[in-house]
Protein chains: 6
Amino acid sequence: MIIDCHGHISAPVELWAYKGTLLAHRGSHGRGGVRVSDEQLIAAAHKAEIGPAGHLELLDRHGTDLQLISPRPFQMMHSERPGKLVHWFTEEVNTLISRQCKLLPARFVPVCGLPQAAGEPIERVFPELERCVRQLGFKGCLLDPDPYEASGTEAPGLGERYWYPLYEKLCELDVPAHIHSTGSRSERTPYTLHFINEESIAVYHLVNSTVLDDFPNLKILVSHGGGAIPYQLGRFESASLRTGRRFSTRLKRLYFDTVLYTPGALRLLIETVGPERCLFGSECPGVGAAVNPDTGETMDHTAPYIESFEWLTAAEKKLILEENARKLFKLPA
Amino acid sequence: MIIDCHGHISAPVELWAYKGTLLAHRGSHGRGGVRVSDEQLIAAAHKAEIGPAGHLELLDRHGTDLQLISPRPFQMMHSERPGKLVHWFTEEVNTLISRQCKLLPARFVPVCGLPQAAGEPIERVFPELERCVRQLGFKGCLLDPDPYEASGTEAPGLGERYWYPLYEKLCELDVPAHIHSTGSRSERTPYTLHFINEESIAVYHLVNSTVLDDFPNLKILVSHGGGAIPYQLGRFESASLRTGRRFSTRLKRLYFDTVLYTPGALRLLIETVGPERCLFGSECPGVGAAVNPDTGETMDHTAPYIESFEWLTAAEKKLILEENARKLFKLPA
Amino acid sequence: MIIDCHGHISAPVELWAYKGTLLAHRGSHGRGGVRVSDEQLIAAAHKAEIGPAGHLELLDRHGTDLQLISPRPFQMMHSERPGKLVHWFTEEVNTLISRQCKLLPARFVPVCGLPQAAGEPIERVFPELERCVRQLGFKGCLLDPDPYEASGTEAPGLGERYWYPLYEKLCELDVPAHIHSTGSRSERTPYTLHFINEESIAVYHLVNSTVLDDFPNLKILVSHGGGAIPYQLGRFESASLRTGRRFSTRLKRLYFDTVLYTPGALRLLIETVGPERCLFGSECPGVGAAVNPDTGETMDHTAPYIESFEWLTAAEKKLILEENARKLFKLPA
Amino acid sequence: MIIDCHGHISAPVELWAYKGTLLAHRGSHGRGGVRVSDEQLIAAAHKAEIGPAGHLELLDRHGTDLQLISPRPFQMMHSERPGKLVHWFTEEVNTLISRQCKLLPARFVPVCGLPQAAGEPIERVFPELERCVRQLGFKGCLLDPDPYEASGTEAPGLGERYWYPLYEKLCELDVPAHIHSTGSRSERTPYTLHFINEESIAVYHLVNSTVLDDFPNLKILVSHGGGAIPYQLGRFESASLRTGRRFSTRLKRLYFDTVLYTPGALRLLIETVGPERCLFGSECPGVGAAVNPDTGETMDHTAPYIESFEWLTAAEKKLILEENARKLFKLPA
Amino acid sequence: MIIDCHGHISAPVELWAYKGTLLAHRGSHGRGGVRVSDEQLIAAAHKAEIGPAGHLELLDRHGTDLQLISPRPFQMMHSERPGKLVHWFTEEVNTLISRQCKLLPARFVPVCGLPQAAGEPIERVFPELERCVRQLGFKGCLLDPDPYEASGTEAPGLGERYWYPLYEKLCELDVPAHIHSTGSRSERTPYTLHFINEESIAVYHLVNSTVLDDFPNLKILVSHGGGAIPYQLGRFESASLRTGRRFSTRLKRLYFDTVLYTPGALRLLIETVGPERCLFGSECPGVGAAVNPDTGETMDHTAPYIESFEWLTAAEKKLILEENARKLFKLPA
Amino acid sequence: MIIDCHGHISAPVELWAYKGTLLAHRGSHGRGGVRVSDEQLIAAAHKAEIGPAGHLELLDRHGTDLQLISPRPFQMMHSERPGKLVHWFTEEVNTLISRQCKLLPARFVPVCGLPQAAGEPIERVFPELERCVRQLGFKGCLLDPDPYEASGTEAPGLGERYWYPLYEKLCELDVPAHIHSTGSRSERTPYTLHFINEESIAVYHLVNSTVLDDFPNLKILVSHGGGAIPYQLGRFESASLRTGRRFSTRLKRLYFDTVLYTPGALRLLIETVGPERCLFGSECPGVGAAVNPDTGETMDHTAPYIESFEWLTAAEKKLILEENARKLFKLPA
């Protein structure tokens, strides 16, 4: 069985039109909402939009049994003002995710977005986080380390006290946070690069701060194989040797998804953090949904790479492909 | 026959979703485009969305024979960055307008939006303006006096040299500009108020500057009955008496649409600027598309008010309801 | 009897020189003060400066028996720094108003300015408001919705909590607030336009917020016939039909002065809000004090228009011209 | 005979009221002007305002025969916007100075202000400078090294190329520039301190740059005895010893007025720069016009100090009190 | 033979003191200079400062025959003002590098820094680049893609026209540019992370723009194994499949140094870009100079990893360890 | 015996290199420290660097017995970020001063710097001030009135409440504060001018505020003879005559050092504030350490001037040269 821990909702076009209109009236029309039927939600899961086939069809092709789906990050506009737009939009998206997962419970498990409106105290996300987890049965949340979306103001590093109330809440709810930034307002660093850079920054601060000591039960999953960190491990490891707190050891307190699209990178990740810290993820359909002319497959069809690694035991592969996700997100067997 | 000079496209939801996605990737995915069929374009013109019936059905109810349609202003996001998003989106909207007008030539006449990306020289809009007018047969354009969309930077007043190249181009193409601002980033002045305030500012600068002297053939149509100006005429007239250039006389160089939803306001407008300067407009369906419980009609059903004014001659009513628009926009008989 | 609810002090030139000097030393000379004699104050009320005759002479010509006078708004410089300049200057102006009214009690009734230094908590105006009302017998105050004077920072809308302490204080003192903005630092929106735009914004927020519900005894008088609102009523009414709180009904909780200089505008105002909500005002002498060559009268001589309206009863005219002001400002009979 | 090279106009109060009103309408009323009669101009020169007696009376008391008068600097508002206010106001002040000097030619000689609107190219002051010198017979001008008036933006130092066109123009017209800053927007550095600090900065840059080399005929007079420079000479001299361009030598290319109000300071100045570089100045009436209770005289009555210096020859005293001014400003004998 | 393409000068402490003092006087003392003797320069190359032994001793231990040395990037302060400090300091550093290389010609080859003062046109670096290459025999230069040093302003991406004059100059001089950012003013992204993120951004823009097409002879070497790119290759490759310009193919137009400190990362790099595109680099002594307790070696002792890779041929190893550097930098055999 | 109250540490070059490196890593390397031996500290006091001979040699030449030494102000970088750099660096400097004084107790007495990181509450300097005074025996501290270092933000004037906690602490510890600003980021006002201007501003605020009344025991020593104040005394005295609080009287509550390098300036200072308020200071070696070719002596050799003043009694000279310092700093006899 394969569980993909990193997917995003394939939503009806009305959701994005709702966003476009919110940004037009900036709240003066009131909240409104996305009015779509269950049929539209199911149809969206079957529509070929990003990749060469529909979302569910791609999962079928890849042998993915279950996928955790969350809001599509680059659309989440955390830096827009006024902040209520961020709240409204995030709530609508989460509601659609919940509905789609309930319509397709055998395939999708919900992970919520947090309405992290740039500049607001982190406590402002609690009501929506609690609604999602306690009322709607979400299994985790995305955590955006940069709600300013590369717009010139820097968010506090993840080691800062700013985030502590959220860490407490996550421990209280016993759900993991999946690190994933949202859009980027910088032309120099478009969102796809911003994701990677933010993940490196996030890991750096989590490992080098006292967060992991202060919250021993905090569960953090880092997207896209941890940005640059496993590849650049040596430089951080070396610096840490002078401090007595080895970077490579502390790094293993975090979890990483395998959203990397080459076997070499997958190998490096698993070797670096260990199979017990890796969760299979493909972000399918997403950036990796283009067909590789060399293989005829989309690039996000990566489970076969893992399955083919001779240097992993069957038990280790199972950890990566299923069991780590099941345990981290407390999915029923 | 009734010609409504002020309408906006009822577009398929894919258009607004396109906008939402442009704002997510900020151009890093490339331009892309809106892919909708002719059927979708026709369906959008029949869909009840803003008002109690579809766009064409409302026009039928109101006895409107022909409507000039342009981009829906509050959606036009002129202040977004990078500026290429503004160009791409405006071009897509104009293309859809052209297609919808060609599909429904008996009902719709196209008026284009200008890709006025905030901060760019005004000459940057020329290629799109020329494409629309010369290649696609558009009959006029919207002119946004505030591409910054109330975001804190002030645009040059319409009397400033900044705008002169555009005025020259409009004279060269012999098409009118319809003054209409777009969104507002201010919570204090939401877009609906911003429209009105900007129209007052626009009229003030056009009348008090030398634009109308420097461009005797320039054709300017002001939205929403001229903002506050006809109502507040006395204060501007009084100030002008000290200068020898009477405001009320110069005001009549401009044209005004009748997008006002009460008979008293319509009366004041027509009395103030004269029937030869008024063009019937309803912006239907738009803000006025709510049903007035006192009448059972939508508020934008205003032609009957004009028709009932005893103090207007039949010829004057015809000017307002048809002939002024025909002449200003050079519509074939 | 005619009571003009909207007049501004005709002050000795020393007052404006005092202002000029305050802005030169920015407070480093200390407060100083305006030293003028009673004779100078009386002479100022007779000096032809803004209009073709002295202030009192114009009132005589117009048959105005009593006028409420307040600081001349465009001179009030609420956005200057340091804030103490605003306090000092406002206090000096109020003191001169008080003195002039005491010298001419049969003609003038005092309305005070508030020292609303931009960026200060609203409570900072209380001492001066209390001095004026409790000690000096002022009957009301001006309220500036934009102490930033169009300088780029937006003031809170009048529906925001920022203003609540003032609303409470006004209720406690039982005096009305007359909405009137002060200067404008924007060349694009000079003060005369800024007044109008700010009045539209003020009415919008007062009607659409809960202020009028939270302060049922609050008395608000809006200058210049309410900016653009009566003329543009339809668009706000239509939007309100979707919410169940009709704009036109709530609008009648406010009072409006008739500082409009054309009969058509006066008619529209009175028809729209009703004679029981209109207070005669001329702002004489002010912007309307230019002589209309068509009539030989200054434009602010508007009482005859009201008196000539056949569609008003004598009792309604008396409400507008006298009784509403008497009641709102609690003037002795 | 005593010539006081540093005096400022005692103007009718209407001038400052004009300023106050300009700052209220920010140009939207047009330029307007100061309307005062010759009688008012003469009366202003006799009115006791700043000091214990009128301007001319104080000059009489002090034995001053002739005074060069210029705009009162702290009132000149060079940092106000829009820049046209600065031009209008400066021109009005210069015109009043010219008129007052023509009315009192035996007592006053005109020195003009420059309309240095902050942020404008320096060439923008040329028309007014030429009007004053060529048409009206002004003998010199003030030069404000900080038109930003301590508002946070730094003006170019006087050694920068920004100022070169002005230096050329001054050489062409063969008139001296009298260094004198205007207001200060800083509460921390009120204008009276700002004057001093700016003079130190001005001297520093003039001496240490190549201006004096590039313009051998440029005539610069520094106000208030040169700020802090003569007192702090040692530190600048010492630094210059490392460069081969001795500060104390180059300093003597400049002229200094004696607007210092203690004999010790006067002594230090004259000893430091030499009697051939000092011009008697009192700025009477100005900051020094307060009566010293120890002497019963105003503090700006300083010629007696100079006259009493035993270490100066009579010829040297005459240089300071009369001849240097006569030569620098090319006054007729 | 082993050539290390990525080393930085071990300078006498006087160099850093010179920097500290420049930043204290900000140029007002003039340029000054670093006065050190040849003995001091040689001693510095032997002093154990960053690592457990002196610079040359570490090279000996690692078997490195020759190292290209350049300024120590995190010290280069490109964002300091005024810009002349950047020029002076860079020139001093380059001069010391030249001297040290001439003193130790068998071990060191000079690579210069560019005085990229933030905000200046790129042409401003040409005189120093030409001095170094043409007069002093430098073999290449560092190129800082972010002279703003993460201070909030974004530099143009390396695909922008801003950089074209430099690319032309590099082609003209036929020297490679080694991409390496300098300091970081961000606490959230300290310089060590900033290096990595900037390298990812640099590669992204170089590969996705037309720079490599427009300058077919341009030689670019990317530091630290290319940031995150080889590890994250899949996501960029996938996005490129939609454009027809394959990322992985174009990527091989660039060169990469092997400054990575784990064998897995080295393997991934070499596999990804090919041995003909990799240049051995250790940045020794630098961040990797800490002793790994597991091995007893410093982490930057990485040549043995490469030598041990069975999947590389001897010829390929030689390319990486020596010949690629020799060819790219045109080192004599 | 001569006590020089104003000297700065001659430190080993490693201190400035430490600073340069802190500014390179901005804290990401951790605090580190300056590692110098006692020998290096002693050698630094003998090294000819700023002047023509070593620090101690110059003191010997000048007959200075004892000097109070503090951090070298222009190096103190109070405006750098993050603020912890300011704390670390100041603490390191103070520690070196303490060590050097303990090594040379017959010559040096320690005065500490305060870690006034720009923007921090003043209370943040208390731990270091207490460490220095209570644990290490420092006798006073420098007080920087502008920790923003002329970077565009204005510090509160010394009369503001911001500083009151420090004044309380100084009274509690019974140590004097020596006013001395640090660097300047302005090219227009380089640090040497900034010192002087800041001293004028400091004196102005201390004298004109209520600080001296509120803290009757506060001991303030002003550097460089008080900036411009003694020279410009008349203008401040005159202004004060209008307030009843005579400037010249209140001025004598402060102490002044004699760091002026010309006999005329020294004379003016002593005459103005009185010998009981002057403390001999030379800042040797510092800006005055250049050799005057007229005398062959360095300019900072100024004690002979004082000794030669016939108008001072021997007792007065002793006050200036020794006893005032001994009393103010509570030095043991």
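Residues D:H87 and D:E120 bring a donor and an acceptor atom of their side chains to less than 3.5 Å of each other. Side chains of D:Q67 and D:H55: a donor-acceptor N/O pair is present below 3.5 angstrom, by distance only. Side-chain atoms of C:S282 and C:D4 include a donor-acceptor pair closer than 3.5 Å.
There is no contact between C:E149 and chain D, counting heavy-atom distances below 4.5 Å. Neither the backbone nor the side chain of D:S186 comes within contact range of chain C; no heavy atom of the residue lies under 4.5 Å from a heavy atom of that chain. Residue C:T182 does not touch chain D at all, counting heavy-atom pairs closer than 4.5 Å. Contacts between C:E14 and chain D at a heavy-atom distance below 4.5 Å involve backbone atoms as well as side-chain atoms. Neither the backbone nor the side chain of C:H194 comes within less than 4.5 Å of any heavy atom in chain D. Heavy atoms of D:E187 lying under 4.5 Å from chain C belong exclusively to its side chain.
Salt-bridge annotation for C:K84 and C:E91: absent, with no side-chain N of the basic residue lying under 4.0 Å from a carboxylate O of the acidic one.
No more than 12 heavy atoms of other residues, nucleotides or ligands sit less than 6.0 Å from atom CZ of C:R81. Environment of CZ in D:R131: crowded, with over 12 heavy atoms of neighbouring residues, nucleotides or ligands closer than 6.0 Å.
Here C:V13 is the residue among C:V13, C:T192, C:L23 with the most heavy-atom pairs under 4.5 Å with chain D.
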